[in-house]
Amino acid sequence: MKVTPFGNRYLVEQDRAEASKHGLAAPDDMEEQKRPIGTVGAVGSGVTDDFIKVGDRVMFSELSGQPVTAVGKVFILLEASQVQLKIEDL
């Protein structure tokens, strides 16, 4: 089964790793909070740039997106504007 979001959306497989484990700096009062980070599983047909592609790791707003279960996994369906940053290895 292939799942493709419509419009300017991303389907992200969420994990709950802390941002600090990925080399991102967080303010002191946020150190213990977990950041919503995930891997892009599909890119919508309305996304016109190729900055974020399938397989990229991204961070997004805590309360954003809609949970979707597909192909036996739980994804978050996000509008492009809800993706806050792309995480790359240095």
Side-chain angles (χ1 to χ4, degrees):
M1 175 192 297
K2 182 177 179 180
V3 179
T4 304
F6 288 116
N8 199 20
R9 294 181 177 87
Y10 295 98
L11 200 59
V12 176
E13 186 176 0
Q14 184 177 10
D15 62 62
R16 289 287 191 173
E18 289 184 71
S20 60
K21 290 182 182 176
H22 299 284
L24 300 172
D28 290 351
D29 63 334
M30 300 177 95
E31 281 183 346
E32 298 302 317
Q33 294 181 8
K34 295 185 178 188
R35 296 282 164 240
I37 295 173
T39 303
V40 176
V43 177
S45 57
V47 176
T48 57
D49 62 50
D50 62 348
F51 179 70
I52 296 176
K53 300 181 266 319
V54 173
D56 286 345
R57 294 192 36 83
V58 295
M59 186 172 90
F60 48 94
S61 302
E62 181 73 37
L63 300 175
S64 62
Q66 176 179 350
V68 176
T69 302
V71 295
K73 297 179 182 179
V74 176
F75 294 90
I76 304 296
L77 183 62
L78 297 167
E79 296 282 338
S81 63
Q82 295 173 318
V83 176
Q84 295 178 336
L85 56 90
K86 178 178 171 181
I87 300 169
E88 299 181 271
D89 292 329
L90 299 176

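- Within the structure, the salt bridge (Lys or Arg N to Asp or Glu O under 4.0 Å) test picks out the following pairs touching residues 75-84 (sequence neighbours left out): R9-E79.
- Listed by chain and residue number, nothing satisfies the side-chain hydrogen bond (donor to acceptor under 3.5 Å, both in side chains) test with E13 (two or more places apart in sequence, or in another chain).
- A chain of hydrophobic side-chain contacts below 4.5 Å, direct or via other Ile, Leu, Val, Met, Phe, Trp or Tyr residues, connects V58 to I76.
- Take K73 and apply the side-chain hydrogen bond (donor to acceptor under 3.5 Å, both in side chains) test, not counting sequence neighbours, and it matches no residue.
- Proximity of a side-chain donor or acceptor of K86 to a complementary backbone N or O of F51 within less than 3.5 Å is detected.
- Remark: T39 pairs with R57 by the side chain to side chain contact (heavy atoms under 4.5 Å, CB included) rule, at least two apart or across chains.
- Listed by first and then second residue, the side-chain hydrogen bond (donor to acceptor under 3.5 Å, both in side chains) pairs that reach into residues 41-55 come to none, sequence neighbours excluded.
- The hydrophobic clustering, which links ILVMFWY residues whose side-chain heavy atoms are closer than 4.5 Å, places F60 and V40 together.
- Between L11 and P5 the shortest heavy-atom distance is N-CG, 4.1 Å.
- By the side chain to side chain contact (heavy atoms under 4.5 Å, CB included) test, V54 is found to be paired with V43, residues two or more places apart in sequence or in another chain being considered.
- Side-chain contact between I52 and Y10 is present, with at least one heavy-atom pair separated by less than 4.5 Å.
- Note on V83 and I87: separate hydrophobic clusters, where clusters join Ile, Leu, Val, Met, Phe, Trp and Tyr whose side-chain heavy atoms are under 4.5 Å apart, directly or indirectly.
- In terms of heavy-atom proximity, S64 sits nearest to Q82 at CB-NE2, 3.4 Å.
- Both V3 and V68 belong to a single network of hydrophobic side chains, linked directly or stepwise wherever heavy atoms of I, L, V, M, F, W or Y lie under 4.5 Å apart.
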